[in-house]
Amino acid sequence: MRRHFQMTELPQSGVVASSGRTWKEHRSVSLQILRNFGLGKNILAERIQEEVSFYISSLSECLGRPTDIKLMTTISTSNIICSIMFGQRFDYTDPSLVKLTFLVDSIFRTFQLNGVVNFIPVLQYLPGDLFHLKKLEADVQEMLRLLSVFIEACRDGNKGDNLVTEYLQELSRRKENGADTTMCENGLKRLVFDFFNAGTEPTSTTIDWFVLYMLHHPDVQKKVFDEINEHVGTEREPNIRDKPNLTYLNAAIMETQRLASIAPYSLVHTCPRDVNIRGYTIPKGTYITPSLDSVLHDAKIWGNDVMSFRPERFIDQEGKLLTPEQFVPFGVGKRDCFGESMAKAELFLYLSNIFQKFEFRPTEQGNPPPLKYHLGVTAVPLPYHVRIVSRI
Ligand code: HEM
């Protein structure tokens with residue numbers, strides 16, 4: 001179960017923060033819709049690949065000069081989720097998309113900070129905005145307003161495959177059949193809000209961390225490129241069918257997810273009933289904050305070099321990729337990440353394509369930016385600049 005957030009404007013539905021019947025129905029309907037669009041198949045990969053081409057063009061415009069790639073990356077990953085939800089992608093300078101991207105960043109930054117208000121609700125009545133609750137409310141309202149415009153634009157039905165139209169059609173079908181459903185207009189709004197946030201920021205932040213680690217480990221960056229060069233070459237773009245052959249890149253992505261541990265406290269759960277674990281009773285309704293860090297950074301699992309960046313730990317002696325069960329960046333159990341397979345396809349396609357075409361260097365030779373981060377819902381590297389050099 002999820003906990004109930006102290007938010008006034010956000011409909012209590014969708015997938016991320018709902019529980020019980022509402023969660024079950026919204027998760028399964030969404031999964032069905034995304035499967036019809038090709039989740040887990042190459043059709044979705046082709047949509048991602050198309051967006052990656054636009055991203056590469058954008059990076060190409062920044063060659064040679066110090067560049068902060070974060071905004072571009074977030075806009076690009078949000079475009080993939082837009083194409084799924086609304087059946088269209090947007091130009092990187094589209095004012096609504098740029099605004100939405102800033103709002104995602106702001107919401108992820110402030111959500112964890114004001115979490116304390118959920119544990120001690122009386123704090124929300126303190127004067128001022130110490131826990132940024134008012135700011136969060138304003139950001140959420142603005143995001144809902146902008147997303148509602150995109151939702152409305154889907155109602156005329158000429159946007160191609162999209163989640164909004166499919167949801168509305170399924171809702172009508174269930175109503176016509178007299179089904180007892182939790183689906184409703186507010187449920188759609190909340191679903192779109194959930195997917196826009198969850199589907200944009202963690203992927204973009206992982207790419208941001210990967211590039212940062214490559215600045216610190218040029219030897220790893222070289223091996224990533226050499227592997228791409230050997231198995232794909234530079235004449236064609238890497239595609240999803242290359243994934244099984246690029247073992248070192250896959251391992252470097254996993255090592256980034258392990259070490260950066262971008263969702264260190266996952267999402268808060270609520271205990272659905274009294275549970276007894278090793279002699280301790282956890283009463284029904286207790287908030288549970290899973291610590292993914294405690295697994296991803298456990299020296300007993302990963303060895304004494306647990307805090308070093310070493311992709312080889314995910315490769316066995318025969319050169320095959322290892323996926324230990326303790327590799328849990330997407331959470332575990334029934335409420336694990338809904339978008340795991342999509343995120344894995346995105347990370348592979350973005351990173352194989354950009355590291356095939358570019359070398360990323362620190363702006364000051366031998367002096368990479370610090371591995372420091374801001375902790376909100378996710379751990380986001382502090383803004384940094386890179387110098388992008390073309391390999392082709
Ligand atoms: C590298 C990228 C990503 C990471 C590291 C990540 C990680 C996570 C984590 C840790 C959770 C919480 C699991 C729990 O509560 O136990 C989660 C939930 C979720 N994620 Fe992701 N995620 C990523 C990308 C995505 C994408 C691309 C989507 C696209 C739709 C997505 C959609 C969701 C949703 C809807 C939930 C809530 C699931 C539920 O409550 O049933 N995520 N994710």
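Note that these values count all heavy atoms, side chains included, but never hydrogens, waters or copies made by symmetry.
At a cut-off of 3.5 Å, with distance as the only test, no side-chain donor of T77 or E346 sits close to an acceptor on the other residue. Counting only N and O atoms by type, the side chains of E51 and S83 include no donor and acceptor under 3.5 Å apart. Of the N and O atoms on the side chains of T74 and S204, at least one donor lies less than 3.5 Å from an acceptor on the other residue. Counted by atom type alone, Y350 and S76 present one or more donor-acceptor pairs between their side chains at under 3.5 Å. For the 3.5 Å distance criterion, the side chains of D139 and S106 qualify, holding a donor opposite an acceptor.
A donor-acceptor contact shorter than 3.5 Å is absent between the side chain of H26 and the backbone of L188. The backbone N or O of K243 sits less than 3.5 Å from a side-chain atom of N250, completing a donor-acceptor pair. Proximity of a side-chain donor or acceptor of D305 to a complementary backbone N or O of S308 within less than 3.5 Å is not detected. The main-chain N or O of I69 is never found under 3.5 Å from a side-chain atom of T67 such that the two would form a donor-acceptor pair. Panel note: side chain Y55, backbone E50; no donor-acceptor pair is recorded below 3.5 Å.
Ring planes of H217 and F309: parallel class, angle under 30° (limits at 30 and 60°). The aromatic rings of F358 and F360 sit perpendicular, their planes meeting at an angle over 60°, well past the 30° parallel limit. The aromatic rings of F150 and F90 lie parallel to each other, their planes meeting at an angle below 30°, with 60° marking the opposite boundary.
Cluster annotation: V140 is not connected to V149 through the hydrophobic network of ILVMFWY side chains, with a link wherever side-chain heavy atoms come within less than 4.5 Å. Cluster annotation: Y384 is connected to F108 through the hydrophobic network of ILVMFWY side chains, with a link wherever side-chain heavy atoms come within less than 4.5 Å.
Contact check on R310 versus D219 returns no salt bridge, with no Lys/Arg side-chain nitrogen under 4.0 Å from an Asp/Glu carboxylate oxygen. Taking 4.0 Å as the cut-off between side-chain N and carboxylate O, R21 and D180 count as a salt-bridged pair. Ion pair K70/D105 not flagged as a salt bridge, since none of the NZ, NE, NH1 or NH2 atoms sits closer than 4.0 Å to an Asp/Glu carboxylate oxygen. Salt-bridge check for E185 with R155: passed, with a basic side-chain N closer than 4.0 Å to an acidic carboxylate O.
Taking the side chain as every heavy atom from C-beta outward, K223 and V220 never approach each other to under 4.5 Å. For the pair Q365 and P362, the minimum side-chain heavy-atom distance is 4.5 Å or more. Between T323 and F314, the closest side-chain pair of non-hydrogen atoms is not below 4.5 Å. Between R190 and F193, the closest side-chain pair of non-hydrogen atoms falls below 4.5 Å.
In this structure, R241 places its CZ atom where only 12 or fewer heavy-atom neighbours from other residues, nucleotides or ligands lie under 6.0 Å away. Counting heavy atoms of neighbouring residues, nucleotides and ligands inside a 6.0 Å radius, atom CG of N304 does not exceed 12 of them. Atom CZ of R35 has 12 or fewer heavy atoms from other residues, nucleotides or ligands within 6.0 Å.
For the pair I80 and M342, the tightest heavy-atom approach, listed with the atom from each and the gap, is CG2-CE, 3.8 Å.
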